[in-house]
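Structure first, then comments.
The shown structure was predicted, so the numbers you read here are calculated from the model rather than taken from an experiment.
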Amino acid sequence: MKTTILMMAMSVLGFTAQAQKATHKNAKTIVLVHGAWSDASSWDAVTPLLKAGGDEVINVNLAGHGKDSTSFAGITFKTYVDQVKAAIGSRTNVILVGHSFAGLVISQVAEEIPAQFKDLIFLAAALPHNGDSLLSLAKQDPASHIGKSLTIDQEHGAAIIAKDAVADIFAADAPAQVKQYLAAHIKAEPLAPLATPVQLTDKNFGSIRKVYIHTVNDNAISYPAQQYMVKMGKVAKVYTLQSSHTPFISMPVKLADILITESR
């Protein structure tokens, strides 16, 4: 979100007491990866709370999102994976957080550099098995509202969400002005990465501790679909937020508290 939206969220909700009181003793690196039809500004209300808790925060903006003007023709799933790996560098004991589609991205990153992670945190996210793609998982979620508002532009390699459906799909619990902002600024999504399957193994991806944060009132990845993925996956800890698909907008303090707890 823009600075005005960030300031609104912070003034309404305030800083979490946990973040204010936390010490730097057990600080970790938290890497945040946004989902499809979004960008790094998604985390603007959460990032200062995490930093107040003493953690290093790296917010990755994927190619073709936000202000990045990379041609969709040059963007692949590997582009995203390589971006996240480059952002992490040689850091270890990393908490890697993926929202929505980024659940697939962080899974592939974890497969390729597993020794560098403490936890993987899936926020209302795709939790894949080997060979899954976002499109294949979406077919298993009939309760999602995305399908009826999605247009595929094969010529330009883009997936487009109808503007009048944006608020319902992504942020039904957000303030009216935020809904209007999201609808006005949503961009097309590069298509190729959405159809690319992950390549995962039990030895690498399977060895890393996983946390899932449910979003109960979610119209993008439905709560039943989230529950099924958790049931079929090896998840060590589950949290539940009574939010839409974007709790970093509607309840950033509660979300930050969970991330801070998991970083300790």
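- Side chain of Glu111 to backbone of Leu200: no donor-acceptor contact under 3.5 angstrom is found.
- Shown here for Gln199 and Gln108, the closest heavy-atom pair between the two residues is N-OE1, 2.8 Å.
- Shown here for Lys163 and Ile186, the closest heavy-atom pair between the two residues is NZ-O, 3.8 Å.
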Are His129 and Met232 close enough, and set up right, to give a side chain to side chain contact (heavy atoms under 4.5 Å, CB included), and what steps lead you there?
-> CA-CA 9 Å; His129 289 86; Met232 300 304 293; 3.8 Å; yes
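- Between Lys51 and Glu56 there is no salt bridge, since no side-chain nitrogen of the basic residue lies less than 4.0 Å from a carboxylate oxygen of the acidic one.
- By the 30° and 60° cut-offs, the orientation of the rings of Phe170 relative to His245 is tilted.
- Of the possible donor and acceptor atoms, one in the side chain of Ser42 sits under 3.5 Å from a partner among the backbone N and O of Asp39.
- Side chain to side chain, His156 and Asp153 meet the donor-acceptor criterion of an N or O pair below 3.5 Å.
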How far apart are the C-alpha atoms of Ile213 and Leu259, what are their side-chain angles, what is the distance that settles it, and do they pass the side chain to side chain contact (heavy atoms under 4.5 Å, CB included) test?
-> CA-CA 10 Å; Ile213 305 174; Leu259 300 181; 4.2 Å; yes
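- Considering CD1 of Ile121 and NZ of Lys210, their distance stands at 12.5 Å, rounded to 0.5 Å.
- For the atom pair Leu120 CG and Tyr212 OH, the distance stands at 13.0 Å (nearest 0.5 Å).
- Taken together through direct or relayed side-chain contacts under 4.5 Å among Ile, Leu, Val, Met, Phe, Trp and Tyr, Met251 and Val216 form parts of separate hydrophobic clusters.
- For Gln140 and Tyr228, the side-chain atoms include no donor-acceptor pair closer than 3.5 Å.
- The shortest distance between side-chain heavy atoms of His34 and Asn61 falls below 4.5 Å.
- How far CG of Leu241 is from CG of Asn217: 10.5 Å, rounded to the nearest 0.5 Å.
- In this structure, CD1 on Ile30 lies 7.0 Å from CG on Leu32, to the nearest 0.5 angstrom.
- Smallest separation of non-hydrogen atoms from Ile95 and Glu262: CG1-O, 4.3 Å.
- Hydrophobic clustering of Ile, Leu, Val, Met, Phe, Trp and Tyr side chains at less than 4.5 Å, counting indirect connections, keeps Val238 apart from Tyr223.
- Summarising the geometry of Ala171 relative to Leu182, their closest heavy-atom pair is CB-CD1, 3.6 Å, with the distance given to 0.1 Å.
- Checked by atom type and distance alone, the side chain of Gln226 pairs as donor or acceptor with a backbone atom of Thr215 at under 3.5 Å.
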Side chain to side chain contact (heavy atoms under 4.5 Å, CB included) between Thr79 and Val81, worked out = CA-CA 6 Å; Thr79 304; Val81 172; over 6 Å; no
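- Ile160 and Phe72 fall into different hydrophobic clusters, where Ile, Leu, Val, Met, Phe, Trp and Tyr are joined by side-chain heavy atoms under 4.5 Å apart, directly or via other members.
- Between the side chains of Asp173 and Ser250, at least one donor N or O sits under 3.5 Å from an acceptor N or O.
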Apply ring pair (Phe, Tyr, Trp, His ring centres under 6.0 Å) to Phe122 and His99, showing your working.
-> CA-CA 6 Å; Phe122 295 81; His99 175 244; over 10 Å; no
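- Remark: the backbone N or O of Gln116 is not paired with any side-chain donor or acceptor of Asn93 at under 3.5 angstrom.
- Of the possible donor and acceptor atoms, none in the side chain of Asp141 sits under 3.5 Å from a partner among the backbone N and O of Ala225.
- For the residue pair Tyr181 / Lys179, no side-chain donor-acceptor distance below 3.5 Å is found, with atom types taken as modelled.
- Taking both residues in full, the closest heavy atoms of Ile208 and Ala110 are given as CD1-CB, 3.5 Å, listed atom of the first, atom of the second, then distance.
- Nearest heavy-atom pair, Thr76 versus Pro193, reported as atom, atom and distance to 0.1 Å: C-CG, 3.7 Å.
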Apply the test side chain to side chain contact (heavy atoms under 4.5 Å, CB included) to residues Trp43 and Leu255: give CA-CA distance (whole Å), side-chain angles for both, the deciding distance (0.1 Å), then the verdict.
-> CA-CA 10 Å; Trp43 306 101; Leu255 176 57; 4.2 Å; yes
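- A distance of 6.5 Å separates CD1 of Ile260 from CG of Leu49, quoted to the nearest 0.5 Å.
- The same ILVMFWY cluster, assembled from side-chain heavy atoms under 4.5 Å apart, contains both Val105 and Leu194.
- Checked against Phe117 for a side-chain contact (heavy atoms from CB on, under 4.5 Å), the options Ile88, Thr92, Val31 give a single hit: Ile88.
- With sequence neighbours left out, the side-chain contact (heavy atoms from CB on, under 4.5 Å) criterion links Lys234 to no other residue.
- Salt bridge Arg264/Asp55: present, at least one basic N to carboxylate O contact under 4.0 Å.
- Ser38 places no side-chain N or O within 3.5 Å of a backbone atom of Gly35 that could act as its donor or acceptor partner.
- The salt bridge (Lys or Arg N to Asp or Glu O under 4.0 Å) analysis of residues 72-90, with sequence neighbours excluded, yields the pairs Lys78-Asp82, Lys85-Glu112.
- Looking only at side-chain heavy atoms (C-beta outward), Leu191 and Ile152 come within less than 4.5 Å of each other.
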